Amino acid sequence: MSILVNPDAKVLVQGITGSFGAKHAQLSIDYGTQVVAGVTPGKGGQFFEHGEKKVPVFDTVADAVKQTGATASAIFVPAAFAADAVLEGVDAGLELIVCITEGIPARDMIRVKRAMQGNTRSRLVGPNCPGVVTPGEGKDSYGGCRIGIAPGYIHKKGHIGVVSRSGTLTYEAVWQLTCRGAGQSTCVGIGGDPVPGMSHLDIIKLFNDDPDTHGIIMIGEIGGSAEEEAAEWIKQNCQKPVAGFIAGATAPPGRRMGHAGAIISGGKGTAAAKIAAFKAAGIGVAATPSDMADTLLKMM
Amino acid sequence: MNIHEYQAKQLLAQNGVAIPLEIPARNLEEVRGVAEKIFSSGSARVVVKSQIHAGGRGKGIFTSGFQGGVKVAATADEAVSLAGKMLGNVLITKQTGPDGRRVQTLLLASGAKIKKELYLAVLLDRAAGRPLVMASTEGGMDIEEVAARTPEKIFKEWIDPAVGIMPFQARKIAAALGLKGDAFNAGVKFITGVFRTWWECDASLVEVNPMCVVEAPEGKEAVVALDAKISLDDNALYRHADIQAMRDLNEEAPLEIEASKFNLNYIKLDGNIACLVNGAGLAMATMDIIQHFGGMPANFLDVGGGASKEQVTAAFKIILQDPHIKGILVNIFGGIMDCNVIASGIVAAVTETHLNLPLVVRLEGNNVATGKRTLADSGLKLITGDSMADAAQKVVRAVTGSK
C-alpha cells in the first residue's frame, strides 16, 4: 500500500501556530491529509482555522494524542526547541515523527538518538527534511498523506518508492516520475543533517517489504557513509530494482555544501566512493540528475 | 565555524586541558612585551606561530620568500625580528591554496622539552550517532596518513552521550597511548578535558596534534596541548556568544560573507559558469550536471526554499562580482514558492545589473506558466531550458561558444 503512513493517517502538527507550521498545515489540509490536532504550549483550547476546518490546539502532544487519536506528527518548532519536541512525540507514543526544522545542533540530535535507542514504537524522519508524502487517488494526488513541506500536486499514486537526503532533488525525481506516468507509493526525505533519524537503509528495508512498491529511487549526497551502508544491504537483500543519484561530485572537500551533513571530511564521504558502492551493488546510477526516473524505469 | 589555534587553546584551557604558557600578539610592540614575559618565566626559547585557519604552517612559505610560519627564537630581539617577517604578510601552506592567508595574529609560546608526541581528537561518528575519541602514538603526523598506512596505531573509544566520558574510558585511552606514572594521571585529566571541550562547546572537531609529554620541574612529566584545532557546529553557535565573538572575518571569502547577510548559501569555486539554485541538494546536482556536459561551475549557491525577489536580486549581484563568470544558469524547482516571484526577481536583477552575459533559466513547479510568460514578456535576452539537462547543455554551449 505504502510505507510509514497511509492516506488516512491522523496527523498532528507541533508548532501549528507559527507562520511556517501554519502555512504547511493549511497546504496539508488542502491536500486532503487528516490534520486532526495542533500543539503549541500555552495555546491549548484555541482552534487553528482553515476554510471550513477547525483544528483543535493542545498544550501537550500527550493531550493531543489522547483527545484525537493522532499517530503521526510534523514538527515545525524553532531549532532550539526541536529536540524537546521530538522526544515529547516519542513520549506520547506517536508512531511517526517527522521533524522539518533545520539548524538543530548536532549535540541535541546525538541526545535524541540515544534517548530513542531501543524504542520500537516511534520512528523519526528528519530533521532538516521535506517530510513524507503518500500520494492519494484524487486529482494531482489529492487525498494523500502529506507530512511536511513537499508540494503535494507533483505526486501521483503508484508503485515507485523515493528516498532522499535533499528536498528539491526529491521533488525533481518525483516530478520526473509523474511526468512519465510512473506514480509513487511513498516519498521520504530523510534530511541533510549529520545525525538523522531514519537512514536510507531503514527506508529501503520498508520499501523492500512493501508489496505495492515495485522499484526504488535512492538519492544521496556527499558526507557520511549512509549510502554505502544501504548499498551493501541492497546488494545482499533487496528484491526490487533500485536506481540512484549522488549529488556533490564537484563539491570541494572540507566545505559544508548547504546541508550540515554535506561535507567531505578527512577524505571520507566523497561522491566517487558512493557511486562506486552503488555500482558494486547493482544500483542503476543516473549519469545526471535529469536521468533519475529514466534510469529506474529502464530497469523495470 | 573554524577558530585560530590560540582561541582553540583558550577553550581547551577553560575545560581543564593543560597548555604551554602562551600569549597572542598583534603588533611588534606586543610581541616584544609577550616574548620578554615568556623568557622571564624561565623558558629558554619562545616559539613564534602564525595564526591562520589552515594547517601546514611550519612548512609554509610567505609570498615575501620567507620560509616557515612557525619559528623558534632564543631572545626577545630575535622573536621581534621573526615576527616582523610574518605579521601582515601572506602565508601559503598546502591547505591555503595558491592565494594564501594574511597573518594578522601571532601566538608566542614557551618552548618545552618534548619527550613524546601523541595524537588525540574527538569527532562525531555519524554512523554511530555518537562522539568518538581517536588517539594515536603517532603524534605530529597527518592522521589520515596514519589511518591509511598503519590503522592499527589508531585507538578508538566511543562515548555514550547519556553519561559522557567515564573515567575508565579516559584510562583506557591513556594506557593505549603508552602513558605511565605522572604522565598517565595527567593524561587521564587531559583526555577528559578534551572530550569536555568538544561536548560543552558544541564542537564538530577537536584535534590536539601533537599532544605532548614534556619535562616538568623536579624531573616530573606533564602532558600539554602543543597545537590544537577546533571546528564548531554552526547550528549551535546561538548558545555560545563567547565563541561567536571568535569569528575572524579575515579568514572568510568576502563574497561568502556578503551572501550570508542575505541568508544565501554561497561557496566560490574555480569555474566560469555561475549557478543560482533553490535547495542544497539541487544546487550540488546543478554543479555536477554543468561539469557532466563539459562546463565548470563557478559557485555553489542555494537561495533556499522560500527565496524572495530581494534575495534573488542579491544573489545575482553576488555571483556577478566573480570576475571569471562567462555565463549564468538559474535552476529553480519551485515546489511551494511561486515561480512567477522568481521570474520577477530575475527580470529585476538582470535589468538592475545590466547583465550582458548569457543567462539560461530553467523554471519548474508552482505557477510555472505565468513565470515563463513574465520572462518572455520582459524582452530580455535570456535562454530558457526545459529540463536540467537541456538548461545545462545550453549554458555550456553559450559559454564555450560552440553551437
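Every chain is numbered from 1 and lettered A, B, ... according to where its sequence line falls, protein lines coming before strand lines. All figures in this text were calculated on a predicted structure; none of them were measured in a lab.
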Side chain, backbone, both or neither of Ala106(A) within contact of chain B (heavy atoms, under 4.5 Å): both
Given the options Asn265(B), Asp390(B), Asp270(B), Val277(B), which has more heavy-atom pairs under 4.5 Å with chain A than any of the others? Asn265(B)
Heavy-atom side-chain contact between Leu269(B) and Thr250(A) under 4.5 Å: no
Please name the pair of heavy atoms, one in Arg126(B) and one in Gly261(A), separated by the smallest distance, quoted to 0.1 Å. NH1-O, 2.8 Å
Top contributor to chain B interface from Gly254(A), Pro196(A), Ala115(A), Gly258(A) [non-hydrogen pairs under 4.5 Å]: Gly258(A)
So for atom NZ, which belongs to Lys268(A), do other residues, nucleotides or ligands contribute more than 12 heavy atoms lying within a distance under 6.0 Å? no
I need the Met388(B) CE to Asp291(A) CG distance, nearest 0.5 Å. 10.0 Å
Among Ser387(B), Ala128(B), Ala162(B), single out the residue with the greatest number of heavy-atom pairs under 4.5 Å to chain A. Ala162(B)
Is Thr168(A) reaching over with its side chain to a backbone N or O of Asn278(B), donor-acceptor style, under 3.5 angstrom? yes
Tell me, for Glu229(A) versus chain B, whether the close heavy atoms (under 4.5 Å) come from the side chain, the backbone, both or neither. side chain
Contacts of type side chain to side chain contact (heavy atoms under 4.5 Å, CB included), residue Glu144(B), not counting sequence neighbours: Asp142(B)
I want to check something: taking the side chain as every heavy atom from C-beta on, are Asp233(B) and Arg107(A) in contact at a cut-off of under 4.5 Å? no
Quick one, Arg130(B) and Lys113(A) - any side-chain contact, counting heavy atoms below 4.5 Å? no
Relative to chain A, which of Arg239(B), Met296(B), His292(B) shows the most heavy atom pairs under 4.5 Å? Arg239(B)
If you look only at distance, which donor and acceptor atoms sit under 3.5 Å apart when one is on a side chain in residues 146-153 of chain A and the other is two or more places apart or in another chain?
from, atom 1, to, atom 2, distance (Å)
Arg146(A), NE, Ala150(A), O, 2.6
Arg146(A), NH1, His24(A), O, 3.1
Arg146(A), NH1, Ser28(A), OG, 2.9
Arg146(A), NH1, Gly148(A), O, 3.2
Arg146(A), NH2, His24(A), ND1, 2.9
Arg146(A), NH2, Gly148(A), O, 3.4
Arg146(A), NH2, Ala150(A), O, 3.1
Tyr153(A), OH, Gly335(B), O, 3.4
Tyr153(A), OH, Asn366(B), N, 2.7

Do you know which two heavy atoms are closest between Ser290(A) and Ala389(B), and how far apart they sit? OG-N, 2.8 Å
Option that, when pairs with chain B are counted at under 4.5 Å, heavy atom only, ranks first among Ala251(A), Ser265(A), Ser164(A), Pro289(A): Pro289(A)
Those residues of residues 169-181 of chain A that come under 4.5 Å of chain B on a heavy-atom basis, listed by number, are Leu169(A), Tyr171(A), Glu172(A), Trp175(A)
Locate the shortest heavy-atom distance separating Gly281(B) from His259(A); write the atom from each residue and the value. N-CE1, 3.9 Å
Do Glu256(B) and Arg255(A) make a side-chain contact, defined as non-hydrogen atoms from C-beta onward lying under 4.5 Å apart? yes
Out of Asp160(B), Leu123(B), Ile143(B), return the one with the most heavy atom pairs under 4.5 angstrom to chain A. Asp160(B)
Would you find more than 12 non-hydrogen atoms of other residues, nucleotides or ligands less than 6.0 Å from Glu102(A) atom CD? no
Which region of Ile110(A), side chain (C-beta onward) or backbone (N, CA, C, O), has a non-hydrogen atom less than 4.5 Å from a non-hydrogen atom of chain B, or is it both or neither? both
Who wins among Asn235(B), Asp202(B), Asp234(B) for the most heavy-atom pairs under 4.5 Å with chain A? Asn235(B)
Do other residues, nucleotides or ligands put more than 12 heavy atoms under 6.0 Å from the CZ atom of Phe293(B)? yes
Which region of Lys23(A), side chain (C-beta onward) or backbone (N, CA, C, O), has a non-hydrogen atom less than 4.5 Å from a non-hydrogen atom of chain B, or is it both or neither? side chain
Which residues satisfy the ring-ring contact (aromatic ring centres under 6.0 Å, His included) test with His53(B), sequence neighbours excluded? His4(B)
Does atom CZ (Arg114(A)) have a neighbourhood of more than 12 heavy atoms from anything else shown, all under 6.0 Å? yes
To check you understand the geometry: which heavy-atom pair defines the closest contact between Ala236(B) and Pro105(A), and what is its length? CB-CB, 3.7 Å
So, the part of Ala271(A) with a heavy atom under 4.5 Å from chain B: the answer is neither
Atom group of Arg256(A) that falls short of 4.5 Å from chain B, counting heavy atoms: both
Determine the option with the most heavy-atom pairs under 4.5 angstrom with chain B, choosing from Ala80(A), Ala226(A), Gly167(A), Gly192(A). Ala80(A)
Do the non-hydrogen side-chain atoms of Ile267(B) and Met257(A) ever get within less than 4.5 Å of each other? yes
Given that the side chain runs from C-beta out, which part of Trp198(B) has a heavy atom under 4.5 Å from chain A: side chain, backbone, both or neither? side chain
How about NZ on Lys268(B), more than 12 heavy atoms from neighbouring residues, nucleotides or ligands closer than 6.0 Å, or not? yes
